Amino acid sequence: MARLQPVRGTHDILGDKAIRFRTIYEIFKQVAERYCHEEIDTPIFEFTETFKRTLGDTSDVVTKEMYTFEDRGGEQVTLRPEYTAGIARAFMSNGLQQSSPCKFYSYGPIFRYERPQKGRMRQFHQMDVEIIGVPEPQADIEVLALASDLLNALGIGAHITLELNSLGDPESRVAYRDALVNYFAGHKSKLSEDSLKRLEKNPLRILDSKDEGDRLLVENAPRIGDYYNDSTKKFFADVIGGIEDIGIKYKINDRLVRGLDYYCHTAFEFTTDQLGAQGTVLAGGRYDGLMEMMGGPQTAGIGWAAGMERLAELISEDILKNPQRPVVITPVGEAAQAPAMKMAHDLRADGIIVDMAYRGNVGKRMKRANKQNAVYAVLLGDEELSRGVAMVKNLDQGTQKEIELAELSAYLKGTNQ
RNA sequence: GCGGGUGUAGCUCAGUAGGUUAGAGCGCCAGAUUGUGAUUCUGGAUGUCGCCGGUUCAAAUCCGGUCACUCGCCCCA
């Protein structure tokens, strides 16, 4: 048994989970296309450099969470730990500056070597949305509207809050960062061990520390809003005004931050209190500095990613489509086997969902039909064959009726609705 | 990477002053009913008690290690 275990932090998606994933994806696709986003599917691995460059050498994701290996040609490659870097790379590789702005959506597996817990896997799945090449706040508004529409379409809007912040333009952000480092450096003795490290690597992160002592310090820490310059203020006001006009509820959280340098302006998280410690269900922000950092031309970008596993836990039963019920063909006797297979094939060609009752006596086969949640069982034996009919039993009503083989498809379709 | 909890049948779980053959419900299989399911009745199989080692006359039970799951921290969707 030991060796038949899935690798730690991975899971098989089947049954109810598969239905949930598919339902969510279909709704996502529908909503995204309504916003004129196009599908993009980038490779699940890239040169390690692509992620190192963009995420920075000090981030946790790069230093300890990446699945990196050398391929047979000696290249260092990494299973994608996030979407944005790969899509930005694709944007440049394909010369899409020419057709900018671009709006993308994508869905697939993401890999991070983390300690698994509820709502956190090593291979997990994200839906992703990006708008590239639009520096205007309209992109921020649209991307937030898309997120909000998606969560509402999934029926979980009521359990989720949008937390919103602006990290400002580079000038504002640098000014704030300096003020913050300055402030915390003056209180080093009261900072938690984790936050002392953050002070070096990622001072903004101290703001969302869960340590009690840190929180007291954070209370009196400088507020980012006080460091916005005029253009940042205007940009943020435009975003807020835009989502208010649309009727999206939000909460300003000036401690919501992003560690990486290429982030600017809008940062947001849609969170829930129903998933334990992993409350963020969808998160994103603006990354106008990213392309430059990757060696391309300065290009604006904004996007978000949503965690499939977390959403799948939240959505309620009633948005799940019931699987369509099949017709089950039950041959009786050796002579009926081949004609039954042929019948199944013909009915399927007509678009009817058909399964076979493979073995056993009639009782066994009926049992199987029932277990398959079939609408009808179609009995085909010597007697029926000789007369060119099939016995069609309605399993819900327990009634049955002989149908001419030529009429069978039409009969099943006609009453199937 | 750090700390806590848990690991017994396919599933949900009983089972500790260590003691003979390890249990229940659900599910599964078979029969009652060899041309009629879902109900009912009868019967059956569930298993290296996560794995390895130690203590003991004796370990599912106690101890150590290990693996997995789980909750939290870090980080993040």
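In this text the structure is predicted, and so the values were computed from the model without any measurement. Computed over heavy atoms, backbone and side chain alike; hydrogens, waters and symmetry mates excluded. Letters A, B, ... mirror the listed sequences (proteins, then strands); counts begin at 1.
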Ranking B/C75, B/U34, B/C69 by distance to the side chain of A/R8, first place goes to B/C69
Report the base-pairing partner of B/G53 (Watson-Crick or G-U wobble, both distances below 3.5 angstrom), or none.
B/C63
Do A/Y107 and A/F28 pass the ring pair (Phe, Tyr, Trp, His ring centres under 6.0 Å) test, and can you show the C-alpha distance, the side-chain angles, and the key distance before you say yes or no?
CA-CA 9 Å; A/Y107 164 69; A/F28 167 63; 7.6 Å; no
When the distance from CD of A/E313 to C1' of B/A77 is rounded to whole Å, what number comes out?
12 Å
Side chain of A/R120, base of B/C71: donor and acceptor closer than 3.5 Å?
no
Whole-Å distance between B/C74 P and A/L199 CG?
17 Å
Taking atom P in both B/A9 and B/C52, what distance in whole Å separates the two?
16 Å
Kindly confirm or rule out a cation-pi arrangement of A/R173 over A/Y227, judged by NZ or CZ under 6.0 Å from the six-membered ring centre and within 45° of its axis?
no
Can you identify which nucleotide, out of B/A77, B/G35, B/C71, has its nearest atom closest to the A/F124 side chain?
B/A77
Under 4.0 Å, counting only non-hydrogen atoms across every strand here, what does A/L379 touch: a base, just sugar-phosphate, or nothing?
base
Name the nucleic acid region contacted by A/G360, choosing base, sugar-phosphate or nothing; use a 4.0 angstrom heavy-atom cut-off, strictly under.
nothing
Taking atom P of B/C74 as reference, at what distance in whole Å does atom CD1 of A/I206 sit?
13 Å
What's the gap between B/G7 and B/C62 when it is taken at their P atoms, as a whole Å value?
10 Å
Using purine N1 to pyrimidine N3 plus N6-O4 or O6-N4 for Watson-Crick, or N1-O2 and O6-N3 for G-U wobble, both under 3.5 Å, which nucleotide pairs with B/G23?
B/C13
By nearest-nucleotide position on RNA chain B, the 5'-leaning member of A/P116 and A/G284 is A/P116
A/H187 and A/Y183 aromatic ring geometry - parallel, tilted or perpendicular at 30°/60° bounds
tilted
Of A/E130, A/E142, A/E39, which is the lone residue that meets salt bridge (charged side-chain N to carboxylate O under 4.0 Å, His left out) with A/K103?
A/E142
Centroid separation under 6.0 Å, is that true for the rings of A/F21 and A/H125?
yes
Does a distance-only test, which skips hydrogens and angles, find a donor-acceptor pair under 3.5 Å between the side chain of A/Q400 and the base of B/G35?
no
A/Y250 and A/E244: side-chain donor and acceptor closer than 3.5 Å?
yes
Could you run down the sub-3.5 Å N/O contacts of the protein with nucleotides 37-39 of chain B?
from  : atom 1 : to     : atom 2 : distance (Å)
B/G37 : N7     : A/K393 : NZ     : 3.2
B/G37 : N1     : A/L395 : O      : 2.5
B/G37 : N2     : A/N370 : ND2    : 2.8
B/G37 : N2     : A/L395 : O      : 2.5
B/G37 : N3     : A/N370 : ND2    : 3.1
B/A38 : O4'    : A/N370 : OD1    : 2.9

Salt-bridge test for A/D254 and A/R223: reply yes if a basic N is under 4.0 Å from a carboxylate O, no otherwise.
yes
Under a 3.5 Å cut-off for both contacts, is B/C41 paired Watson-Crick or G-U wobble with anything, and if yes, with which nucleotide?
B/G31
Distance check needed: B/A77 P versus A/L282 CG, whole Å only.
10 Å
Same-atom distance (P) from B/U55 to B/U42, integer angstrom
49 Å
Are the aromatic rings of A/F235 and A/H265 close, with centres under 6.0 Å apart?
yes
NA contact type, A/R112, heavy-atom cut-off 4.0 Å: base, sugar-phosphate, or nothing?
base
B/G25 to B/U48 separation - C1' atoms, rounded to the nearest Å:
25 Å
Take the protein atom CG of A/N361 and the nucleotide atom C1' of B/A32, then report the distance between them rounded to whole Å.
12 Å
At under 4.0 Å between heavy atoms, what does A/E269 touch on the DNA or RNA strands: base, sugar-phosphate, or nothing?
nothing
Here the distance between atom P of B/G35 and atom CD of A/E402, to the nearest Å, is 17 Å
Whole-Å C1' distance, B/C28 and B/C69
26 Å
Sticking with atom P, work out how far B/C29 lies from B/G47, rounded to a whole angstrom.
15 Å
Roughly how many Å apart are B/G37 and B/U70, using the C1' atom of each and rounding to a whole number?
41 Å
OP1, OP2 of B/U70 versus side-chain N and O of A/R115: anything below 4.0 Å?
no
So if I take every side-chain heavy atom of A/R198 and compare against B/C73, B/G35, B/C75, which nucleotide ends up nearest?
B/C75
Distance check, C1' atoms only: B/A60 and B/G18, in whole angstrom units.
10 Å
In whole angstrom, give the distance that lies between atom CE of A/M121 and atom C1' of B/A77.
13 Å
Anything under 30° is parallel, anything over 60° is perpendicular, the rest tilted; go ahead and classify A/Y411 against A/Y376.
tilted
d(CG, A/D211; P, B/C73) in whole Å:
12 Å
Could you tell me which nucleotide pairs with B/G72 by Watson-Crick or G-U wobble geometry, both distances under 3.5 Å, or answer none if nothing does?
B/C2
Phosphate contact (B/C71 OP1 or OP2) by A/Q117 side-chain N/O below 4.0 Å:
no
If you check every side-chain atom of A/E65, which of B/C75, B/G72, B/A77 has the closest atom?
B/C75
Is the ring pair A/F45/A/F69 parallel, tilted or perpendicular, if the boundaries are 30 and 60 degrees?
tilted
